[in-house]
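All values reported here derive from a predicted model rather than from experimental measurement. Numbered from 1 within each chain, the chains take letters A, B, ... in sequence-line order.
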2 protein chains.
Amino acid sequence: MNVEEIIKTDKKMELPSKTVIHLMLVSNKVNETINATLKPFDVSIQQFNVLRILRGQCGKPANLKTLNERMVTKMSNTTRLVDKLILKGYVKRKTCETNRRKIEIYITTKGEKALSSMDIAMNKNDKHIVQNFSEEELEYLNVLFNKF
Amino acid sequence: MNVEEIIKTDKKMELPSKTVIHLMLVSNKVNETINATLKPFDVSIQQFNVLRILRGQCGKPANLKTLNERMVTKMSNTTRLVDKLILKGYVKRKTCETNRRKIEIYITTKGEKALSSMDIAMNKNDKHIVQNFSEEELEYLNVLFNKF
DNA sequence: ATTAAATTTTTGTTAAAAAAAGAGTTTGTA
DNA sequence: TACAAACTCTTTTTTTAACAAAAATTTAAT
């Protein structure tokens with residue numbers, strides 16, 4: 001992937017702008033491979049992320065707000081995103097007893113199993129995506145990412 | 001932005017997976033700022049990109065296929081994306097005389113003017129996004145991006 | 001010259017995302 | 001208690017994207 005080649009005509013581009021465009025190109029490319037990887041499982045990236053977050057809760061439920069803070073999508077969409085996961089039987093929803101505004105969301109056994117097989121495919125894809133990096137480069141890339 | 005903090009619970013995550021997630025978080029964050037920056041101008045990121053590509057053509061028209069090769073979206077949507085820009089008076093469409101399958105797309109003077117003011121806002125935003133980076137770090141980040 | 005194939009763009013349909021407004025619940029304060 | 005404000009979630013509406021298929025034109029082959 002080479003930005004210069006893709007953004008041929010704008011020669012006078014400053015480094016910050018170039019970097020941002022480059023970032024977008026990279027993330028679009030990566031996103032495509034992730035979508036393709038998850039396609040056989042019939043879940044979106046966001047749905048996959050929710051499942052992972054729920055598993056990370058280790059039995060403890062997560063409410064919508066928590067999910068949202070750890071995710072990218074907008075609150076209003078999280079509701080329906082969870083709806084879809086419920087339809088698939090991957091998660092369960094239950095109103096919190098101590099604060100009835102809150103909705104507690106759990107991953108089901110079925111959800112955990114599905115997630116396991118997704119993980120295998122995703123891990124393979126992740127490795128493929130960064131195959132041109134050495135371990136040191138990856139470590140440093142993560143350090144740089146923290147500066148955003 | 002710190003992944004560890006956001007993906008708290010998954011301790012056993014491998015470096016490639018961690019990096020990919022980190023990338024997604026960063027690009028989502030950056031995307032949000034870009035959307036916010038363009039919002040006052042009432043154009044989407046994609047529309048902005050089309051305008052930039054057209055300006056880069058230096059008077060020469062671009063057809064839909066060319067636009068598409070330099071963009072992310074699907075062909076079928078590029079048609080409608082250009083429709084929106086025409087409605088705003090930012091671009092013009094004209095069928096090619098030598099090959100009437102082709103549609104030539106030009107940026108208008110109004111479009112160029114609008115784009116100029118977007119550029120100022122976007123450049124400012126780009127600089128803000130990478131404010132924590134030194135120039136060397138940015139250069140190296142671009143080198144690393146080329147490895148994807 | 002006709003027909004088949006390829007190219008370029010558009011249209012229609014469906015699903016997903018963004019934005020804004022709304023409903024129910026709790027908390028704090030007078 | 002009562003009332004306002006804050007919190008959490010849902011609903012509705014509008015945009016945008018994805019996918020499949022069709023339309024229009026050109027190219028190539030027989």
- prompt: Hey, does Asn77(A) reach any base, or is it just sugar-phosphate, or nothing, if we go heavy atoms under 4.0 Å?
  reply: base

Q.
Within the 4.0 Å heavy-atom criterion, would you say Asn63(B) contacts the bases, only the backbone, or no part of the nucleic acid?
A. sugar-phosphate

Taking [atom1] from [X] and [atom2] from [N], how many angstroms apart are they, rounded to a whole number?
X: Asn28(B); N: dA18(C); atom1: CG; atom2: P; result: 9 Å
X: Met75(B); N: dA18(D); atom1: CE; atom2: P; result: 15 Å
X: Asn99(A); N: dA6(D); atom1: CG; atom2: P; result: 17 Å
X: Arg93(B); N: dT8(C); atom1: CZ; atom2: P; result: 17 Å
X: Lys102(B); N: dT10(C); atom1: NZ; atom2: P; result: 14 Å
X: Leu85(B); N: dT15(D); atom1: CG; atom2: C1'; result: 14 Å
X: Asp42(A); N: dC19(D); atom1: CG; atom2: P; result: 12 Å
X: Lys65(A); N: dT8(D); atom1: NZ; atom2: P; result: 4 Å

If you check every side-chain atom of [X], which of [options] has the closest atom?
X: Lys74(B); options: dA18(D), dT8(C), dT12(D); result: dA18(D)
X: Ser76(B); options: dC9(D), dT9(C), dT11(C); result: dT11(C)
X: Arg80(B); options: dT10(C), dA18(D), dA18(C); result: dA18(D)
X: Lys84(A); options: dA24(D), dA16(C), dT26(C); result: dA16(C)
X: Thr79(B); options: dA24(D), dT26(C), dT10(C); result: dT10(C)

For Tyr140(B), the ring-ring contact (aromatic ring centres under 6.0 Å, His included) test, sequence neighbours excluded, returns Tyr140(A)

On DNA chain D, more 5' by nearest nucleotide between Lys39(A) and Asp83(A) is Asp83(A)

**Item:** Check against salt bridge (Lys or Arg N to Asp or Glu O under 4.0 Å), Lys124(A) and Asp119(A)
**Value:** CA-CA 8 Å; Lys124(A) 190 176 161 194; Asp119(A) 271 331; over 6 Å; no

Any donor-acceptor pair, under 3.5 Å, between the side chain of Arg100(A) and the base of dT25(C), if you only look at N and O atoms? no

> Does the base of dC9(D) carry an N or O that pairs as donor and acceptor with the side chain of Arg101(A) under 3.5 Å?
Replying inline: no

On DNA chain C, more 5' by nearest nucleotide between Glu97(A) and Leu81(A) is Leu81(A)

Under 6.0 Å between ring centres: does that hold for Phe148(B) and Phe133(A)? yes

Report task. Look at Glu104(A) together with Arg93(A) and state whether they make a salt bridge at an N to O cut-off of under 4.0 Å. Result -> no

Residues Glu14(B), Lys127(A): salt bridge by 4.0 Å N-O rule: yes

